[in-house]
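First the structure, in the form of structure tokens, and then the observations on it.
Every number for a ligand or one of its atoms is a count from 1 in the order of the listing. These values consider heavy atoms only, across backbone and side chains, with no hydrogens, waters or symmetry-generated copies.
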Amino acid sequence: MREVLDWSKPYHRFFEEMTRIPHGSCNEKQYSGYLAAFARERNLACRQYDIGNVIIYKDASPGYEDHPAVVLQSHIDMVCEKVPDCGHDFERDPLDIYVEKGWLRARGTTLGADDGTGVAYMLSILADQEAEHPPLECVFTVQEEVGLNGAFALEPEDLKGRRYISLDDGGGGAVTTITSAGGMRWQGTFSIHRKPCAEKGYRLVIGGLQGGHSGECIGQERGNAVKICGRILNALEREGALTLSSMEGGSKDNAIPRDCQAEFVSAMDYETIGRIVQSAASSIGEEYRYSDPGLTVSAVEAEVEGCWDHDESRRFLDFLLICPNGMRRRSMNLAGLTTASENLAVVRTAKDQAAVTISLRGAGESYLDEMAEELRILSGIYGIDAKESSGIRPGDMRRIPI
Ligand SMILES: [Zn+2]
């Protein structure tokens with residue numbers, strides 16, 4: 001296999017080796033084994049957990065023996081996302097990486113720089129015989145992107161260090177992470193009743209958006225495909241009424257949805273539908289001209305199998321329009337820091353229900369509490385059966401004014 005990066009630099013080599021081993025969340029077994037073998041080859045003490053976490057210990061370099069131990073941490077799982085027509089199999093295939101204008105990319109898929117970058121740096125330090133450092137406890141966790149499951153499984157007695165540096169920061173390059181925003185997942189279920197319908201069927205497709213990580217990119221005004229789809233459906237509903245048949249958008253809680261499609265029936269003819277969609281799409285396109293110039297919107301005639309009760313359809317569209325999304329608050333102290341956000345992440349519909357997932361992030365407890373309370377009120381108004389889960393409380397921000 002040809003090397004894409006410069007393997008004379010350990011950091012490049014370790015990153016590229018990682019891209020050759022599948023390591024999506026919950027599929028970290030092989031990479032966890034790679035880490036254990038890495039430690040064995042270098043005679044470094046190591047503990048491998050059943051869940052896949054690995055801790056590698058390295059003694060202090062000469063002269064630093066009496067310094068306190070430092071814990072370094074990164075996660076080995078990546079978010080597996082690909083463009084719709086990409087045939088990549090995340091369970092099996094190595095990533096197809098290449099360099100473009102000085103940036104490393106992966107063809108058709110996410111690259112896994114979050115948190116392959118942190119992993120590669122930690123391995124470089126562990127492999128470096130010349131580096132000067134105190135005793136190191138290098139923690140590699142699994143299933144971070146799906147709820148920090150690896151971190152929760154850590155056993156405190158495995159770590160002596162009281163100083164901790166996470167190599168999983170949110171960008172900027174000059175930032176060292178010592179705390180984290182809290183998060184919560186909100187899942188709402190709407191009951192729907194289907195009936196046969198005689199009106200004409202249509203499909204609305206939203207695509208071409210940048211998406212991105214809902215923690216890192218939420219402050220960049222990127223378009224949310226589900227939200228945009230909801231707005232255009234609302235425009236149609238206002239002008240001539242429609243009834244939903246299905247809606248599918250987004251794929252992961254922590255990704256801003258790039259694609260969404262909805263099927264519906266309406267008494268309006270194709271020309272009228274086309275005109276309304278075109279007009280809504282052009283004003284929305286103008287809003288995202290700089291942040292998301294690739295936005296595409298299309299409406300086509302389609303075979304549609306049955307539709308919802310019209311009132312339920314209208315209520316669902318109202319909710320999509322009104323539900324909070326995007327950056328909610330930002331720091332007045334640290335420039336560019338989003339302190340509270342919501343990501344309308346996934347919509348799925350089935351025979352008798354529609355499900356919506358929203359992920360909440362907040363740098364302080366009160367932000368999360370406020371957003372969760374708003375959603376509780378909305379759930380009551382719209383008759384949504386809602387549950388909140390995976391509540392991760394924010395890290396200790398007391399010494400870091402936000
Ligand atoms: Zn990460």
### Message
If you round to 10 degrees, what value do you get for the angle at the Zn ion (ligand 1) between D114 atom OD1 and H75 atom NE2?
### Response
90°

### Query
Run the salt bridge (Lys or Arg N to Asp or Glu O under 4.0 Å) check on D318 and R315 step by step: do they pass?
CA-CA 5 Å; D318 284 352; R315 202 148 38 89; over 6 Å; no

### Task
May I have the step-by-step check of side-chain contact (heavy atoms from CB on, under 4.5 Å) for Y31 and V54, ending in yes or no?
CA-CA 10 Å; Y31 194 75; V54 174; over 6 Å; no

### Query
Considering the options S389, S379, C323, which one meets the side chain to side chain contact (heavy atoms under 4.5 Å, CB included) requirement together with W186?
S379

### Task
Indicate if the distance from the Zn ion (ligand 1) to the nearest N, O or S atom of D115 falls below 2.8 Å.
no

#### Entry: F319 ring center within less than 6.0 Å of F190 ring center
yes

### Task
With the Zn ion (ligand 1) as the reference point, give the N/O/S atom of D168 that is nearest.
OD1

### Message
Under 2.8 Å from the Zn ion (ligand 1), is there any N, O or S atom belonging to E145?
### Response
no

